[in-house]
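Taking it in order: structure first as structure tokens, then the write-up.
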Amino acid sequence: MSENPELLPKEDVVLRVDDLQKSFGGLQATDHATFEVERGTITGLIGPNGAGKSTIFNLISGFYEPDGGTVTVGETDVTGMEPYQVAERGLIRTFQTPRKLEGMTVREAMLVGPRNQPGESFLSLFTSPGSVGEAESKNLADAQRILEEFEIDHLATQPATDISGGQMKLVELARAMLAEPEILLLDEPVAGVNPTLAKKLEAQIRRLNEQGTTFLLIEHDMEFVMNLADPVIVLDQGSVLTEGTPEEVRNDERVIEAYLGGGA
Ligand code: ADP
Ligand code: MG
């Protein structure tokens, strides 16, 4: 891996980003970014507006193709793979702005695109028609169970467009869990969410982490991220500035300066 003396040593790495690069025209949005995520952690990814956090998520999850560098999930080099292929390797992400789910109930929204859904494979319709129905009823049962665990099963039959933005964030998290991720990337899960729902989201993330899911968490709300995450990686102008405990990062002059410079 590329040298960065600021990075903490890791024992069991679930995600490795090595020397990742991405430019948009003349703008270097991701500039030789290198870091690792240890299995079992909630790792924070912070940085001022425009630091390149969402771009890194898009690169990791296969939504953007990097100009250079590699992304490794577990033992697999996933660089250049399609999002569904990266998802099959156990890496799932949510979006800063949830997609519109018009004409669907919350339950139906839960069932859009979970990984390994045979019904989505054209070929399996011919090779094993029986397994389509089985997988669908398993997904339905899993969706119901997860909605109950999130205490939002009462929303199941509501139109997905009728629930609040905060509830939608909970549904997004619940939906991501249906894919049984090894590592879940959350992009600003509490942006625009009221404090009561934010507490619920925090408790759910903690519960899922205790049950074994690793998290990489982008969040603008400092209190939220500092409460949940350890370690915290700081991104500035597309590069990793430093990594440390919430305490270390909070008191780092360079981090404070980066935030002031970013106008955040
Ligand atoms: P953050 O999530 O940290 O706020 P982003 O990753 O969204 O930052 O953006 C980093 C920089 O890259 C910004 O200057 C942004 O305007 C630019 N950028 C992001 N996505 C695109 C894109 N698809 N096309 C052009 N510029 C982009
Ligand atoms: Mg962003």
Side-chain angles (χ1 to χ4, degrees), residues 4 6-7 15-37 42-71 78-83 86 91-100 165-166 168-170 172-173 175-176 183-193 198 201-202 205 215-226 228-229 231-244 246 249-250 252 254-264:
N4 181 338
E6 302 276 350
L7 295 174
L15 169 67
R16 174 177 292 121
V17 168
D18 196 8
D19 204 25
L20 212 54
Q21 292 148 59
K22 180 73 179 175
S23 69
F24 299 109
L27 178 87
Q28 198 70 36
T30 308
D31 193 6
H32 301 277
T34 296
F35 64 86
E36 293 176 332
V37 175
I42 300 174
T43 298
L45 184 63
I46 68 166
N49 274 331
K53 304 179 297 294
S54 294
T55 300
I56 289 223
F57 268 24
N58 283 323
L59 291 168
I60 291 171
S61 54
F63 286 84
Y64 290 168
E65 197 164 336
D67 301 332
T70 57
V71 178
V78 301
T79 320
M81 282 188 185
E82 295 294 323
V86 182
L91 184 140
I92 303 287
R93 59 84 57 91
T94 63
F95 290 83
Q96 190 169 342
T97 312
R99 284 147 298 174
K100 299 252 183 300
M168 196 59 224
K169 295 272 194 178
L170 263 175
E172 280 273 304
L173 181 58
R175 192 158 76 111
I183 176 165
L184 184 51
L185 276 54
L186 304 179
D187 196 348
E188 302 210 12
V190 296
V193 173
L201 270 158
E202 185 180 326
I205 293 167
F215 285 88
L216 181 61
L217 171 68
I218 294 177
E219 186 45 63
H220 202 69
D221 181 333
M222 275 302 152
E223 198 189 319
F224 186 85
V225 72
M226 294 295 183
L228 267 177
V232 175
I233 296 166
V234 185
L235 206 64
D236 184 33
Q237 297 181 28
S239 307
V240 173
L241 180 62
T242 189
E243 175 182 7
V249 161
R250 204 199 308 266
D252 191 320
R254 296 165 306 164
V255 176
I256 297 162
E257 242 168 65
Y259 269 86
L260 292 176

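Numbering of ligands and ligand atoms starts at 1, following listing order. Keep in mind it's a predicted model, so treat the numbers as computed, not measured. Values below: all heavy atoms of this structure, side chains included; hydrogens, waters and symmetry mates excluded.
- Although no hydrogens or angles enter the test, the distance criterion places no donor-acceptor pair under 3.5 Å between the side chain of Glu223 and the main chain of Asp221.
- Between Leu217 and Leu228, the closest side-chain pair of non-hydrogen atoms falls below 4.5 Å.
- With a 4.5 Å cut-off on side-chain heavy atoms, Lys22 and Ile56 do not count as touching.
- Note that CD1 of Ile233 is 6.5 Å distant from CG of Leu216, once rounded to the nearest 0.5 Å.
- Between the side chain of Lys53 and the backbone N or O of Gly47, at least one donor-acceptor pair lies under 3.5 Å.
- At a 4.0 Å heavy-atom cut-off, the residues surrounding ligand 1 are Phe24, Leu27, Ala29, Pro48, Asn49, Gly50, Ala51, Gly52, Lys53, Ser54, Thr55, Tyr64, listed by chain and number.
- More than 12 heavy atoms of other residues, nucleotides or ligands sit less than 6.0 Å from atom CD of Glu202.
- Contact of the Glu36 side chain with the Arg16 side chain is registered, since non-hydrogen atoms from C-beta on lie closer than 4.5 Å.
- Sorted by chain and number, the protein atoms of type N, O or S within less than 2.8 Å of the Mg ion (ligand 2) are Ser54 OG, Gln96 OE1.
- Distance alone, capped at 3.5 Å, places no donor-acceptor pair between the Thr70 side chain and the Thr79 backbone.
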- request: Apply the test side chain to side chain contact (heavy atoms under 4.5 Å, CB included) to residues Leu15 and Val71: give CA-CA distance (whole Å), side-chain angles for both, the deciding distance (0.1 Å), then the verdict.
  value: CA-CA 7 Å; Leu15 169 67; Val71 178; 3.9 Å; yes
